Number of protein chains: 4
Amino acid sequence: MTVKNEIIAKAVELFAKEGYENTGVTRIVTEVGVTKPSLYHHFGSKEGLLSSILEVYGNQFIDIFKDELHYSGDLSYAIDCFVIAYIRFVKRYPMFFRLYKQLYQSPVESDSYRIVKPFYKQLLMRLELFFTEVANHHTNLKTKTTWMSYSLLGLMDTYIIHHMTLGSLKDLEDEKCRQVVKQFLYGVFA
Amino acid sequence: MTVKNEIIAKAVELFAKEGYENTGVTRIVTEVGVTKPSLYHHFGSKEGLLSSILEVYGNQFIDIFKDELHYSGDLSYAIDCFVIAYIRFVKRYPMFFRLYKQLYQSPVESDSYRIVKPFYKQLLMRLELFFTEVANHHTNLKTKTTWMSYSLLGLMDTYIIHHMTLGSLKDLEDEKCRQVVKQFLYGVFA
Amino acid sequence: MTVKNEIIAKAVELFAKEGYENTGVTRIVTEVGVTKPSLYHHFGSKEGLLSSILEVYGNQFIDIFKDELHYSGDLSYAIDCFVIAYIRFVKRYPMFFRLYKQLYQSPVESDSYRIVKPFYKQLLMRLELFFTEVANHHTNLKTKTTWMSYSLLGLMDTYIIHHMTLGSLKDLEDEKCRQVVKQFLYGVFA
Amino acid sequence: MTVKNEIIAKAVELFAKEGYENTGVTRIVTEVGVTKPSLYHHFGSKEGLLSSILEVYGNQFIDIFKDELHYSGDLSYAIDCFVIAYIRFVKRYPMFFRLYKQLYQSPVESDSYRIVKPFYKQLLMRLELFFTEVANHHTNLKTKTTWMSYSLLGLMDTYIIHHMTLGSLKDLEDEKCRQVVKQFLYGVFA
DNA sequence: CATGAATGAGGGTTCATTCAT
DNA sequence: GATGAATGAACCCTCATTCAT
């Protein structure tokens, strides 16, 4: 593992556990066993480090929205696939997910929000694109695409954090995920 | 308005906008027009200030969970009342709500989380109490009380933040709130 | 006990245990159960409090040098009496003695030294007066009066602190005190 | 001279003159012409700076107790050598000696005492080792080794401070030092 | 006499960042 | 690529003291 990747890995861990603002670069480099100028050589700044994290993990995250969101007639099935892939990603990189949630909820005028915002917008846009396609076939959903995007993300994340807090992320099996989808669809078509 | 209250008001605003960790006590007292020892006279520490905020606003928030969560046969009506009161509170103290959301999402090992945690637990407990009572009459809900609590909070907050982000909190009228309730109930009884 | 005396008592204790500079007035008034303006009403300032302490206890200390230092032919007996009285005082007010030693050793340019200096000078002067009188009868001591004063104080204090450190101040009985005197006299007449 | 040493030198001076508690790190770095983070880079904390001082000067001080305390039959000569070396050290580093005396006399519960205590204990232990060896040849001293250690230190220090206070440390010639030894020995064998 | 509230100045410490080597 | 050393700015907090009541 290269120094750059070691720093990224440690940073994700510490940012997630202690918070981006609370984690000093000194702590990161000390725990990795390198020096500060080394970090600045690779990332330019603390914000640069955060950006790199979003690039490495975030792009994989976005890929799910690219690859697993396909509507081909069966809405329930489409969302099923997506939710399962989404949750699989969270199980694989739980630290990154915690960091992402923390960053998104961070205050609007903070540095960290500024960095995560475009990333988050991309996710939402992909979702909205998907729901717009869906709405072509369910015309009654046409005015709800934005809300559906928010709503699906919110529902999934509530579900995930509920299990994270109880410390049982692995219990989140595919079968249970489908219940989330059902709940979402009931809401949508109400 | 007393100095103490002025400090609390300004702190809620700045903490919400810029983040608890990002806001220095110097900034708070400067904007209020007092000095640091004055803040420490009233609150003891920055954390004490945060606690005071939670006491002042948070207790009003908890009161909603105490006063507006009554089950008397009509579940839909009961939750309607609660959601409307909840959202009314958010409209009244939007800054506090943003702060509360930010704190709750803050990292588990941070100081701010430690302070908000008992407060959040109280909210959840009140909800669970309510749903337990409900489950006496709908036995098929008995195993779902915890999840329903999380879920209702999550759904409401998603809804609220969706509107906040779009800058149209006032558009959240009672009629629309009832849609949230419907969505929730559909999900629950699925 | 008046408030004034309560403050003095507590201040002696804290100054001795934690140091004059390390003890904040806040701590003193809190432990006594009064307010800061009350302290300032009685003593004017922190230095004023220290001065009051020196007046109350210090004057009793000086009295020993006044009352117990009489030369009437028998040098050994005279010093015996003085040393015994000196050590008796220390046993009675060990906290004050610790404070006095601490203050005397404190840096020349510190506030606390400035306050204790005149007090210490008085002690030395009394001693030197005594030894000057002695020297009238032992002409070979005439050039040594200053050194004898320092030396006697130093020897006693070393002895006392030695026992204080070992935690056995009460073991310092009169009989043992006389050994100190012998050691001093041997040294002087060497 | 490196920055680290410049800071140490200035700190010894200020700590000795104004007191450890009274001297702010700001003052030290300002007078040296560097910045605070530089001090913290080298010493970690104000206490770390004090520890470094004790290491640099204190170890030289302890070396005297290691190298100059040898008993080979002639007690008077042995102590002579030691006292002369001791006083020579004090003449060389008078500021450090003043600091050391101040620290030792500082209140038991203070930070500074905690740091100097192990250092002081080492000095005493070395002395006691020496006197224990002596007592093998003068069996009547066997029960007095601890007291002799305290006593010799106390006598020397009284002597030194007496001269320091009068501002004539250089007048403390070897010849005069031997008088201290005589006085000590008279006391011991009394 | 006693109090709650306020203050200017400074405490020690840490922040993200940069430089010469 | 990597380092030790240095920095300006800011951090939270506490000091002795004072004022109106």
Side-chain angles (χ1 to χ4, degrees), chain A residues 2-4 7 20-29 32-50 111, chain B residues 2-4 6-7 20-30 32-50 111, chain C residues 2-4 7 20-29 32-50 111, chain D residues 2-4 6-7 20-30 32-50 111:
Chain A
T2 72
V3 165
K4 188 167 180 177
I7 292 176
Y20 173 74
E21 324 282 356
N22 284 320
T23 307
V25 294
T26 306
R27 171 114 186 254
I28 298 170
V29 296
V32 172
V34 297
T35 58
K36 267 188 276 191
S38 187
L39 187 153
Y40 280 87
H41 172 72
H42 287 298
F43 304 101
S45 69
K46 194 188 178 186
E47 291 191 10
L49 171 55
L50 184 55
D111 297 329
Chain B
T2 71
V3 166
K4 188 168 179 175
E6 278 189 79
I7 292 175
Y20 173 74
E21 327 281 359
N22 286 319
T23 307
V25 295
T26 307
R27 171 111 186 258
I28 298 170
V29 296
T30 303
V32 172
V34 296
T35 57
K36 267 185 278 190
S38 193
L39 186 153
Y40 281 88
H41 172 69
H42 288 296
F43 305 100
S45 67
K46 195 188 177 187
E47 290 192 11
L49 171 55
L50 184 55
D111 296 330
Chain C
T2 71
V3 165
K4 189 167 178 176
I7 292 176
Y20 173 74
E21 323 282 356
N22 285 320
T23 307
V25 295
T26 306
R27 171 115 187 253
I28 296 170
V29 296
V32 171
V34 297
T35 57
K36 268 188 276 193
S38 188
L39 186 153
Y40 280 87
H41 173 73
H42 287 298
F43 304 100
S45 69
K46 194 187 177 187
E47 291 191 12
L49 171 55
L50 184 54
D111 297 330
Chain D
T2 72
V3 166
K4 187 168 181 178
E6 278 189 79
I7 292 176
Y20 173 74
E21 326 281 358
N22 285 319
T23 307
V25 294
T26 307
R27 171 112 186 258
I28 297 171
V29 297
T30 303
V32 171
V34 295
T35 57
K36 270 191 273 191
S38 192
L39 187 153
Y40 280 86
H41 172 69
H42 288 295
F43 304 102
S45 69
K46 196 188 178 188
E47 289 192 13
L49 171 55
L50 184 54
D111 297 330

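Letters A, B, ... are given to chains in the order of the sequence lines, protein chains preceding strands, and every chain is numbered from 1. Quick caveat, the model's predicted, so the values are computed rather than measured.
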Using heavy atoms and a sub-4.0 Å distance, could you list which residues of residues 34-41 of chain C are near DNA chain E? By number, please.
C/Thr35, C/Pro37, C/Ser38, C/His41

Value in whole Å for how far the C1' atom of F/dT14 lies from CG of C/Asn22:
13 Å

Residue pair D/Gly44/D/Arg27 against DNA chain E: nearer the 5' end by closest nucleotide is D/Arg27

First and last nt of DNA chain E near chain D, cut-off under 4.0 Å to heavy atoms, 5' to 3', are E/dG11 to E/dC15

Value in whole Å for how far the C1' atom of F/dT14 lies from NZ of C/Lys46:
12 Å

Checking all strands, does D/Thr23 fall into the base, sugar-phosphate, or nothing category for heavy-atom contacts under 4.0 angstrom?
sugar-phosphate

Quick check on DNA chain F: between B/Glu47 and A/Gly33, whose nearest nucleotide comes earlier from the 5' end?
A/Gly33

As an exercise, state the distance from OH of C/Tyr20 to CD of D/Glu21, rounded to the nearest 0.5 Å.
13.0 Å

Nearest heavy-atom approach of C/Val32 to C/Ile7 is CG2-CA, 4.1 Å

Just the rounded figure in Å: distance from P of F/dT14 to CZ of B/Phe43.
16 Å

What integer distance in Å separates B/His42:NE2 from F/dC12:P?
18 Å

Could you go through residues 35-45 of chain D and list every donor-acceptor pair under 3.5 Å that involves a side-chain atom there, pairing it with any protein atom two or more places apart or in another chain?
unit_1, atom_1, unit_2, atom_2, d
D/Lys36, NZ, D/Thr26, OG1, 3.4
D/Ser45, OG, D/Glu47, N, 3.4
D/Ser45, OG, D/Gly48, N, 3.0

Full working for side chain to side chain contact (heavy atoms under 4.5 Å, CB included) between B/Leu49 and B/Val25:
CA-CA 10 Å; B/Leu49 171 55; B/Val25 295; 5.6 Å; no

Can you list the stems that DNA chain E is part of, where a stem is at least 3 pairs in a row, each Watson-Crick or G-U, with both distances below 3.5 Å?
E:2-21 with F:2-21

